[in-house]
There are 4 protein chains.
Amino acid sequence: MARITALAKQESRQRLLEAAAQHFANHGLDGANVDAISLAAGFAKGTLYNYFQSKEQLFAEVLTEACRRALEIYAEAESHGSVRERLRSLAAADVEVLRQQEGFHKVLIREAMSFRNETYPLIAEHLGPFVNKVEQVLAAGVSTGEVRNNQPTDQLALMFAGILTLLYVHHWGSQGIWPDLADIPDLAVSVFLDGAGHATQPESGR
Amino acid sequence: MARITALAKQESRQRLLEAAAQHFANHGLDGANVDAISLAAGFAKGTLYNYFQSKEQLFAEVLTEACRRALEIYAEAESHGSVRERLRSLAAADVEVLRQQEGFHKVLIREAMSFRNETYPLIAEHLGPFVNKVEQVLAAGVSTGEVRNNQPTDQLALMFAGILTLLYVHHWGSQGIWPDLADIPDLAVSVFLDGAGHATQPESGR
Amino acid sequence: MARITALAKQESRQRLLEAAAQHFANHGLDGANVDAISLAAGFAKGTLYNYFQSKEQLFAEVLTEACRRALEIYAEAESHGSVRERLRSLAAADVEVLRQQEGFHKVLIREAMSFRNETYPLIAEHLGPFVNKVEQVLAAGVSTGEVRNNQPTDQLALMFAGILTLLYVHHWGSQGIWPDLADIPDLAVSVFLDGAGHATQPESGR
Amino acid sequence: MARITALAKQESRQRLLEAAAQHFANHGLDGANVDAISLAAGFAKGTLYNYFQSKEQLFAEVLTEACRRALEIYAEAESHGSVRERLRSLAAADVEVLRQQEGFHKVLIREAMSFRNETYPLIAEHLGPFVNKVEQVLAAGVSTGEVRNNQPTDQLALMFAGILTLLYVHHWGSQGIWPDLADIPDLAVSVFLDGAGHATQPESGR
DNA sequence: CATGAATGAGAATTCATTCAT
DNA sequence: AATGAATGAATTCTCATTCAT
């Protein structure tokens with residue numbers, strides 16, 4: 001019985017997290033209404049508070065959950081071949097993560113931009129694992145000569161993650177016209193590695 | 001006397017707009033407190049409502065004002081020399097715009113991420129003139145061979161503006177540690193034109 | 001105009017304080033409902049918060065106000081004659097204070113008994129002036145030999161104030177049957193000075 | 001088996017009562033949290049409601065239990081010697097009762113001050129036996145001349161009980177500095193019998 | 001125009017109590 | 001009996017906005 005109860009509780013929690021992700025996606029963090037989330041999950045007004053201590057903690061938990069899923073997907077991203085290929089693979093994984101909860105990620109990015117003490121550290125932590133993976137690839141690339149060594153790899157990794165975000169934002173801002181989500185991995189890698197300036201000789205490994 | 005009154009009214013309005021920009025910068029749109037803005041401008045609590053109809057409209061007006069100032073500065077940006085030099089000059093102008101109302105731009109960028117129907121068009125309009133200028137430079141660069149022609153220039157221009165924003169965000173997110181505002185123009189141009197991949201021969205014009 | 005406004009505000013504040021005293025008297029501190037107080041004062045729900053920052057602060061202000069009135073009355077209490085007469089006079093003043101806001105004092109005494117960090121210091125401060133006056137009288141009495149010197153005067157003063165409170169409590173507990181408020185000053189002095197044991201010779205100065 | 005079950009139920013009930021006494025002592029009646037009590041007793045949240053119908057009834061039961069224990073201790077108090085000695089003995093018994101559940105008695109006294117219809121009669125009932133015993137001693141004292149006969153003995157008895165309570169309150173209010181619990185019986189008797197006024201000749205039986 | 005008191009809808013949060021398991 | 005998830009009324013407090021002076 002305990003197990004059944006525990007299971008049911010897990011499900012309820014999940015329902016609340018999903019309703020919350022959806023609601024945050026639609027209303028943002030400030031605009032969100034805790035009661036509405038609880039009701040949307042099929043519970044009474046105050047029930048959410050049996051699972052989460054506060055609106056902020058709820059947001060944090062939604063984030064953590066998103067994180068967890070993201071890590072699973074990142075873990076699956078193959079990592080061999082050239083730096084270009086490995087970055088592309090990571091970018092594709094990130095796009096996949098995005099697809100799963102696109103609305104919530106929109107809010108996430110927006111909250112990241114608010115630099116609030118309550119949310120910024122949380123989000124930075126969320127980005128951490130991805131950026132770390134990117135940095136490992138770049139560090140390897142520096143030693144093989146595939147990546148320029150005129151900038152620290154941690155800064156480069158941040159730039160790569162940033163360029164991805166940038167493309168998401170353009171995607172949303174253009175209502176999906178450009179770029180298409182499917183094009184983002186290639187685009188990001190190209191922008192990041194090649195730049196827009198004229199290379200004296202074309203890259204071959206593309 | 002009517003003129004004096006009108007002038008005084010203009011000044012009051014300006015004071016309110018500045019106080020609002022500062023306050024929005026610190027608290028965001030949702031978190032802003034209308035009374036506090038009015039008080040910060042040196043007026044009593046309700047006075048703001050003699051000038052603006054609502055918090056939202058006030059925000060929009062602050063936005064419009066920021067746009068207006070930005071345009072003035074962009075107009076002054078010199079535009080000659082190589083593509084690299086001209087982009088650097090535009091980026092420097094943008095940084096200058098940012099410096100003038102750094103807090104407010106923080107909010108601007110955050111709001112851009114919310115894609116709200118009330119604010120997004122305004123912000124897009126704000127970016128417009130800058131992006132147009134960048135595009136002109138890039139189009140010229142394509143014809144001189146300084147810029148690759150594997151992507152439409154409007155998309156490239158959006159990317160350049162985006163990279164700038166990205167660097168601002170990293171600047172804020174790192175509490176000013178990296179990158180320094182002064183380094184941003186060079187950094188943006190380098191990232192945008194050269195990329196991080198290994199060029200077979202180093203650029204000379206740097 | 002400013003003066004008129006300030007005056008009106010004073011009146012509103014007073015109305016709220018009175019409604020609050022009444023409401024606290026009826027419901028206690030925990031049981032009190034801030035909205036109800038505001039409504040009872042003839043204002044809208046939230047209006048009270050234009051005057052007081054929180055329920056606790058409101059309570060503190062009611063207390064302070066009661067304090068202020070009490071001090072006025074204590075100040076009027078004549079202080080000459082024998083220790084017995086002077087104590088009687090102070091006790092009578094205290095009863096007078098009590099009469100003015102009997103309900104609120106009931107709550108006050110009750111809150112004093114709760115020893116909460118939020119309220120106890122406030123209330124102790126409230127009692128201070130009265131106890132000080134009593135102590136002065138007792139100290140004088142010790143030097144004239146009217147008061148025994150087998151206990152520090154500050155402790156004796158606390159006992160006297162306590163006996164008064166005790167009689168109030170019995171008054172309330174018996175629904176006013178015994179003791180009558182009017183009898184309390186004499187009773188308190190008698191209990192305090194003479195005790196219930198058999199004195200070998202009756203006091204004459206009574 | 002029914003007996004075993006009944007016994008177990010008794011024990012559970014007792015555990016809950018003790019946890020409740022402790023919790024009420026720390027938080028008061030209004031501030032108490034039913035869930036916390038149940039958990040503190042080692043049960044799950046709702047279990048308490050298998051034993052008590054409501055928070056109020058629980059409080060009443062704790063009170064009744066305290067009463068029961070107090071009676072046992074009062075019964076043991078020896079009663080011979082002078083009035084002074086017998087009163088001292090009763091006071092010592094009361095202090096002993098207090099010591100056993102000091103926290104709860106704090107709440108008890110506070111609740112007594114609230115004069116609520118739900119709790120006041122209970123508390124009066126609790127005091128009853130003690131006051132009766134005191135009254136018997138005093139009545140005997142009146143006939144031996146040890147106690148003045150200028151006041152009905154029931155009122156005197158209430159005063160004695162009240163002075164004890166008063167000393168407890170000062171004990172708590174001073175954080176135990178004055179008076180010490182151990183000093184209270186003597187102090188109470190002295191205050192009650194002798195008063196603070198100057199006796200023409202010192203008591204000998206002290 | 002400036003003022004600032006008043007408004008009242010609305011939000012987060014608490015918790016005594018119920019009841020299906 | 002024990003459990004603990006669910007309930008939802010109630011409460012404190014906020015603040016954008018209005019409007020009489």
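A note on names: the letters A, B, ... follow the listed sequences, proteins ahead of strands, and every chain is numbered from 1.
Between D:Y51 and F:dA1 there is no side-chain polar atom (N or O) within less than 4.0 angstrom of OP1 or OP2. Distances shown here put a side-chain N or O of A:N33 below 4.0 Å from the OP1 or OP2 atom of E:dA12. When the side-chain nitrogen and oxygen atoms of C:T47 are compared with OP1 and OP2 of E:dG8, none of them lie within a distance under 4.0 Å. Distances shown here put a side-chain N or O of A:K9 below 4.0 Å from the OP1 or OP2 atom of F:dA5.
Closest to the side chain of B:N50, from the set F:dA16, E:dT3, F:dA2, is E:dT3. Nearest nucleotide to the side chain of D:A44, out of E:dT13, F:dT12, F:dG4: F:dG4. Residue B:Y49 has its side chain nearest to F:dT17 when only E:dT13, F:dT17, F:dA5 are considered. Listed nucleotides: F:dC13, F:dA16, F:dA5. Nearest to the side chain of B:K55: F:dA16.
Rounded to whole Å, atom P of F:dT11 lies 14 Å from atom CG of C:L29. For C:D30 and E:dA16, the CG to P distance is 12 Å, given to the nearest whole Å. Between A:Q10 atom CD and F:dG4 atom P there is a gap of 15 Å when expressed in whole angstrom units. A straight line from CZ of C:F59 to C1' of F:dC13 spans 20 Å, rounded to a whole angstrom. Taking atom CG of B:L58 as the reference point, atom P of F:dC15 lies 16 Å away to the nearest angstrom. Here the P atom of nucleotide F:dA5 and the CZ atom of A:R13 are 12 Å apart, to the nearest Å. Summarising the geometry, the separation between NZ on B:K45 and C1' on F:dC19 is reported as 16 Å, rounded to the nearest angstrom. Regarding B:F52, its CZ atom lies at a distance of 15 Å from the P atom of F:dA16, rounded to whole Å.
Contact annotation for C:A36: no contact, since no heavy-atom pair falls under 4.0 Å across all strands. Nucleic acid contact for A:A41: none, since no nucleic acid atom lies under 4.0 Å from a heavy atom of the residue.
Checked for salt-bridge contact, B:R15 and B:E11 miss the test: no charged N lies under 4.0 Å from a carboxylate O.
Between A:E65 and A:E18, the closest side-chain pair of non-hydrogen atoms is not below 4.5 Å. For the pair D:R13 and D:F52, the minimum side-chain heavy-atom distance is below 4.5 Å.
Of the possible donor and acceptor atoms, one in the side chain of A:K55 sits under 3.5 Å from a partner among the backbone N and O of A:A32.
In this entry F:dC13 has E:dG10 as its Watson-Crick or G-U wobble partner, both defining distances falling under 3.5 Å. Base pairing of E:dT21 is made with F:dA2, judged by Watson-Crick or G-U wobble geometry with both donor-acceptor distances under 3.5 Å.
Comparing A:F43 and C:A32 against DNA chain F, the residue whose closest nucleotide sits nearer the 5' end is A:F43. Both C:L48 and D:E56 lie close to DNA chain E; mapped to their nearest nucleotides by heavy-atom distance, the more 5′-ward contact belongs to C:L48. When each of B:S54 and A:D35 is assigned the nucleotide of DNA chain F bearing its nearest heavy atom, the one mapping closer to the 5' terminus is A:D35.
Taking C:Q100 as the reference, nothing meets the side chain to side chain donor-acceptor pair (under 3.5 Å) condition, with sequence neighbours excluded.
The environment of CD in D:Q14 is crowded: more than 12 heavy-atom neighbours from other residues, nucleotides or ligands sit within 6.0 Å.
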